[in-house]
Amino acid sequence: MISPDVSLVDLQLSQPLSLGVLASGKGSNLVAVADAIAQGKLNAAIKVVIYNKAQAQVKEKAAELGIPSVFCNHRDYPNREAFDQVLVDTLKAYQVHWVIMAGWMRVVTPVLINAFPDHVINIHPSLLPSFKGINGVEQALAAGVKITGCTVHLVRPEVDSGPILMQAAVPIFAQDTCEGLHQRIQQQEHQILPGAIALAAQQEN
Ligand code: GRF
């Protein structure tokens, strides 16, 4: 397993970062960021979690962590831009400065990206620029590559592009299933996401 120097997480920030998390799934990355904050590795506060799937487990994770959560159903809006405007309004209402897409299964538009210039961060389960889009883990397995991993990057309008903040590599073994490989990738995601957030904030200063 190849991963970055975890001391990168321990960057000195003058002010606590004000984070908003967008998530559609289990919320293990939300927990990883919350744990890093609780352990004093990341000087930040998670102001709100927005989720777009009513059954998403991230809702319970947020409740356990004592973080407010807001359900925004994309099906209630006529297009992506209208949905993103609701996200922006909600994030601003919670005084969020950094938007963390932690398993957000929606394509975002310039409405969101331009409301938080260079402050929208995504985590993706492959070594970008390889295997963009959905099913990044399946794509790597199908391609027969021997190393995959995860990437944290700043968000740009083109899906899974944008400046890379941090990556971790994960070997693929002959007997790997998609599920098992994804679990190992997620272990690395949880390591690099807090550090990448701190790095993005440091680069701004
Ligand atoms: C992660 O593997 C992330 O890379 C992908 O969605 C998954 C979210 O996992 N974009 P979780 O909900 O944080 O557990």
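Below, all heavy atoms of this structure are taken into account, side chains as well, without hydrogens, waters or symmetry copies. Start at 1 and go down the list; that is how both ligands and their atoms are numbered. Being a predicted model, the structure only gives us computed values, none of them experimental.
With K92 contributing its side chain and A115 its backbone, the two residues share a donor-acceptor pair below 3.5 Å.
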Exercise for the section: Tell me, with the steps shown, if I37 and I46 meet side chain to side chain contact (heavy atoms under 4.5 Å, CB included). Expected result: CA-CA 9 Å; I37 293 170; I46 304 172; 3.8 Å; yes
Tabulation required: pairs of a nitrogen or oxygen in ligand 1 and a protein nitrogen or oxygen under 3.5 Å; columns are atom names and distance to 0.1 Å; otherwise 'none'.
| unit_1 | atom_1 | unit_2 | atom_2 | d |
| --- | --- | --- | --- | --- |
| ligand 1 | 2 (O) | H182 | NE2 | 2.7 |
| ligand 1 | 2 (O) | Q186 | NE2 | 3.2 |
| ligand 1 | 2 (O) | E189 | OE1 | 3.1 |
| ligand 1 | 2 (O) | E189 | OE2 | 3.0 |
| ligand 1 | 4 (O) | P125 | N | 3.4 |
| ligand 1 | 4 (O) | E189 | OE2 | 2.5 |
| ligand 1 | 9 (O) | Q186 | NE2 | 2.8 |
| ligand 1 | 10 (N) | I123 | O | 3.2 |
| ligand 1 | 12 (O) | K26 | N | 3.1 |
| ligand 1 | 12 (O) | G27 | N | 2.8 |
| ligand 1 | 13 (O) | S28 | N | 3.3 |
| ligand 1 | 13 (O) | N29 | N | 2.9 |
| ligand 1 | 13 (O) | N29 | ND2 | 2.9 |
| ligand 1 | 14 (O) | S28 | N | 2.9 |
| ligand 1 | 14 (O) | S28 | OG | 2.5 |
| ligand 1 | 14 (O) | Q186 | NE2 | 3.4 |

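With sequence neighbours excluded, the residues that form a salt bridge (charged side-chain N to carboxylate O under 4.0 Å, His left out) with K132 are E158.
In this model, a donor atom of one side chain and an acceptor atom of the other lie less than 3.5 Å apart for S126 and H124.
Between the NZ atom in K61 and the CG atom in L30 there is a gap of 8.5 Å [rounded to 0.5 Å].
Ring orientation note: the planes of W104 and F83 are close to parallel, at an angle under 30° on the 30°/60° scale.
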